[in-house]
Amino acid sequence: MNGTEENGKTKEDKLDVLFRMQKGLDAYIRDNRKLDFTQSEWVCKKAMALMVELGEVVEEAKYKWWKNDNTIDSDKLKEELVDVLHFFLGMCIDSGMTSDELFDIYLKKNKENYDRQNGLSSKHGYELK
């Protein structure tokens, strides 16, 4: 993604910033903990961690409808969602995806999802009735 011009200064794209920061964090952890896994192993490990973090999101969202206390701590919920993003971005990076590719593929898939809902896709079974 390209930066945007704001007040005469180029502002870096937010998705680019997130990708750069995640790449740095992952390298820091890998180097300092002397971790050496294959690409496949990294993706699988991060997918597992992402699933665990999603479980923590569900826990923070108070899924237990049978329990009296269902007050959501919005700050904790948001923190868990950011943890999910960390592992998702790490998987994108480990699979060779750039921020531009993520953006472009998302746009195409989003259009396809609308097309499916509206019966305009070659994939059927999603149409709104």
Side-chain angles (χ1 to χ4, degrees):
M1 312 239 129
N2 296 324
T4 57
E5 192 79 19
E6 190 175 288
N7 297 331
K9 296 181 182 179
T10 301
K11 185 176 175 185
E12 192 175 3
D13 179 83
K14 290 178 182 178
L15 188 56
D16 287 340
V17 171
L18 294 178
F19 263 72
R20 181 174 40 78
M21 291 177 71
Q22 188 62 47
K23 191 172 188 177
L25 176 62
D26 286 350
Y28 181 82
I29 292 169
R30 186 173 46 252
D31 294 345
N32 285 289
R33 294 188 176 272
K34 300 181 183 2
L35 301 172
D36 185 28
F37 300 113
T38 66
Q39 178 187 27
S40 175
E41 289 170 326
W42 276 118
V43 172
C44 289
K45 286 179 179 300
K46 289 179 184 174
M48 179 64 72
L50 185 141
M51 288 187 281
V52 169
E53 292 300 336
L54 283 172
E56 292 177 10
V57 167
V58 170
E59 189 69 34
E60 286 301 331
K62 308 296 184 189
Y63 76 98
K64 295 179 182 176
W65 65 89
W66 60 90
K67 194 173 176 185
N68 291 334
D69 180 22
N70 61 358
T71 305
I72 294 175
D73 182 331
S74 187
D75 290 337
K76 285 183 180 178
L77 177 60
K78 290 173 185 177
E79 186 175 328
E80 296 303 339
L81 289 166
V82 170
D83 287 344
V84 168
L85 182 60
H86 269 280
F87 290 111
F88 173 75
L89 290 173
M91 286 191 305
C92 290
I93 293 163
D94 290 341
S95 61
M97 186 182 293
T98 66
S99 59
D100 285 332
E101 287 177 305
L102 175 61
F103 185 80
D104 292 342
I105 293 168
Y106 180 91
L107 291 180
K108 286 170 56 175
K109 184 62 180 197
N110 188 269
K111 181 187 179 315
E112 172 65 16
N113 287 339
Y114 271 104
D115 287 349
R116 287 178 184 182
Q117 294 298 306
N118 295 313
L120 302 172
S121 173
S122 61
K123 295 200 175 183
H124 300 287
Y126 300 90
E127 299 85 359
L128 294 170
K129 294 185 180 194

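Starting from 1, each residue takes its place in the sequence as its number.
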Query raised in the report: Would you call F87 and V52 a side-chain contact if the rule is heavy atoms closer than 4.5 Å?
Result: no
Query - Nearest heavy-atom neighbours spanning L50 and V84 - result: CD1-O, 3.7 Å
Query raised in the report: When rounded to the nearest 0.5 angstrom, what distance separates CD in E79 from OG in S74?
Result: 11.5 Å
Query raised in the report: Is there a path of hydrophobic side-chain contacts, each under 4.5 Å between heavy atoms of I, L, V, M, F, W or Y residues, that connects V57 with F88?
Result: yes
Query raised in the report: If you take all heavy atoms of L18 and L89, which pair is closest and at what distance?
Result: CB-CD1, 3.8 Å
Query raised in the report: Do the side chains of L120 and L107 join up, straight or via other hydrophobic residues, at under 4.5 Å, putting them in one cluster?
Result: no
Query raised in the report: For K62 and D69, which heavy atoms make the closest approach, and how far apart are they?
Result: CD-O, 4.2 Å
Report task. Measure the OG-NZ distance between S95 and K46 for me, rounded to the nearest 0.5 Å. Result -> 9.5 Å
Query raised in the report: Taking it one step at a time, do E112 and R116 satisfy salt bridge (charged side-chain N to carboxylate O under 4.0 Å, His left out)?
Result: CA-CA 6 Å; E112 172 65 16; R116 287 178 184 182; 2.9 Å; yes
Query raised in the report: What distance do L128 atom CG and Y114 atom OH have between them, rounded to the nearest 0.5 Å?
Result: 11.0 Å
Report summary line: So side chain to side chain donor-acceptor pair (under 3.5 Å) across residues 52-61, not counting sequence neighbours, yields none
Query raised in the report: Linking I/L/V/M/F/W/Y whenever their side-chain heavy atoms sit closer than 4.5 Å, directly or via other members, would V43 and M48 fall into one cluster?
Result: no
Report task. Go through the steps for R20 and D16 under the test salt bridge (charged side-chain N to carboxylate O under 4.0 Å, His left out), then give the verdict. Result -> CA-CA 6 Å; R20 181 174 40 78; D16 287 340; over 6 Å; no
Report summary line: Closest heavy-atom pair, M97 versus E101, reported as atoms and distance to 0.1 Å, is CA-OE1, 3.2 Å
Report summary line: Output for pair (K34 NZ, I29 CD1), nearest 0.5 Å, gives 14.0 Å
Query raised in the report: Is there side-chain contact between K23 and D26, with heavy atoms separated by less than 4.5 Å?
Result: no
Report task. Find the distance between CD1 (I105) and CG (N110) and round it off to the nearest 0.5 Å. Result -> 13.5 Å
Query raised in the report: Would you find more than 12 non-hydrogen atoms of other residues, nucleotides or ligands less than 6.0 Å from D36 atom CG?
Result: no
Report task. Ignoring hydrogens and angles, tell me if any N or O in the side chain of D13 forms a donor-acceptor pair with the backbone of L15 under 3.5 Å. Result -> yes
Query raised in the report: According to a 4.5 Å side-chain heavy-atom criterion applied to Ile, Leu, Val, Met, Phe, Trp and Tyr, with indirect links allowed, do W65 and V58 form part of one hydrophobic cluster?
Result: yes
Query raised in the report: Just wondering, are more than 12 heavy atoms of other shown residues or ligands nearer than 6.0 Å to CH2 in W66?
Result: yes
Query raised in the report: Residues in side chain to side chain donor-acceptor pair (under 3.5 Å) with D83, at least two apart?
Result: none
Query - Working for side chain to side chain contact (heavy atoms under 4.5 Å, CB included), residues I93 and F19 - result: CA-CA 7 Å; I93 293 163; F19 263 72; 3.6 Å; yes
Query - ILVMFWY network linking M21 to V82, side-chain heavy atoms under 4.5 angstrom - result: no
Report summary line: Here the gap from Y106 atom OH to K111 atom NZ, rounded to the nearest 0.5 Å, amounts to 14.5 Å
**Report entry** For the student: nearest non-hydrogen atoms of Q39 and D94, plus distance
**Finding:** NE2-O, 2.7 Å
Query raised in the report: Can a salt bridge be assigned to the pair K108 and D104 using a cut-off of 4.0 Å between side-chain N and carboxylate O?
Result: no
